[in-house]
Amino acid sequence: MVIDLVCKMEIDEKAAGYSLVFESEMYFFCSEGCRAEFIRHPHDYVNPPASCGKESSEETLNV
Amino acid sequence: MCRFLGYVGSEILLADLISRPENSLIRQSYKSKERSEPLNGDGFGVGWYSPEVSDEACIYTSITPAWNNRNLLNLAEHIKSACFFAHIRAASPGMLVSEINCHPFRHRRFLWMHNGTIEGFNSIKRRLRNSLPDRIYHAVEGTTDSEHAFAVFLNLLGEKTEKVTAADLADSLVRTIRQLEEWAGEAGIKQPSIYNFAVTDGQNIVTVRYVSNPQIEPISLYFSKPGKFQCYDGKSGIVDCCDEESGIIIASEKLTDDRENWTRVAPNHVLMINKDLITSVRLIPGF
């Protein structure tokens, strides 16, 4: 499992449909939106400031 | 387009976010940093909760620009609240500038704001209004796409007599977007819509940063780390503090320059902040 740096979700890299190589590292994303966001602002995510927020445990959207 | 902010946590002065920070909402009304057009002068609105008085928020709206309204500055310096929304408007072409078209919109204990545009709204408006039960249909006072989206949300939320959870709000928000996209598809609308919606019940805040074409960068939206927002001697920032003094801000633009205190909401993700200030971000399933 890897972390999508944009949304911080944990995803299965084997099943992840969205990825790219940046500065010789492979990054995986949950969606095209997160991948596109990373391309727009890579340095906000590769060496980000200290993280913020208390993250919850799993919470499901029933949609 | 517009700008907005929301807050939930321990009580703070409205001015702490609306007027005092370096990139306050009032400053954004004439010098927005993350819009190509810096002006948001088609009115403003603030909604704040005083639970000792009522479950419903109090609303103050005006069609004057926020940068030019003495009453807003005076009120903000004298009102404290543990949950509030504030919005400055840049009306979409064709949308009337009037007080009833200013955000946030209110229905019972819920407040709603929108930054973005429902493309082709006039093509789906009739079918949207036909979907509403009388109690919600008659509650729509204005002409905006934003308020009509709120009506759809309220209809999908249903008659919740118990307190809703952040997950309930998020479920209904995502279903609202799905419904709007469905109508847009049926109407043959090709241009992408932008749905940065925010909703609160006075305890939970849920917001979304969404665009219907994932190749397009959605409008900016951030949330702060939990902490105490302080303005002192012209400088503002978020400091660590105990849980009882803590709060979280959602905002179209960072209010301060300290990057480490702000996180950009991921595109096409919904952010839930519950009354315990636990945040959760989840991907909106593709439609």
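In what follows, every heavy atom counts, from backbone to side chain, and hydrogens, waters and symmetry copies are set aside. Chain A is the first sequence line, chain B the second, and so forth, proteins listed ahead of strands; every chain is numbered from 1.
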J.: How are the rings of Phe38(A) and Phe29(A) set to each other: parallel, tilted or perpendicular (split at 30° and 60°)?
T.: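 Aromatic pair Phe38(A)/Phe29(A) classed tilted.
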J.: Under a 4.5 Å cut-off applied to non-hydrogen side-chain atoms, are Thr176(B) and Tyr195(B) in contact?
T.: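 When only atoms from C-beta onward are counted, Tyr195(B) and Thr176(B) do not touch, as no gap falls below 4.5 Å.
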J.: Tell me, for Ile238(B) versus chain A, whether the close heavy atoms (under 4.5 Å) come from the side chain, the backbone, both or neither.
T.: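 Interface part for Ile238(B): neither.
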J.: Quick one: of Gln215(B), His269(B), Arg264(B), who has the most non-hydrogen atom pairs under 4.5 Å with chain A?
T.: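 Of Gln215(B), His269(B), Arg264(B), Arg264(B) has the most heavy-atom pairs under 4.5 Å with chain A.
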J.: Apply salt bridge (Lys or Arg N to Asp or Glu O under 4.0 Å) to Arg127(B) and list each qualifying residue two or more places apart in sequence or on a separate chain.
T.: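 Partners of Arg127(B) by the salt bridge (Lys or Arg N to Asp or Glu O under 4.0 Å) criterion, ordered by chain and then number, come out as Glu186(B).
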J.: Counting distance only, does the side-chain N/O of Ser19(A) pair as donor-acceptor with the main-chain N or O of Phe28(A) below 3.5 Å?
T.: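 It does not hold such a pair.
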J.: With chain B as the partner, which of Met9(A), His41(A), Arg35(A) has the greatest number of non-hydrogen pairs under 4.5 Å?
T.: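 Sorted descending by pairs with chain B, the first entry is His41(A).
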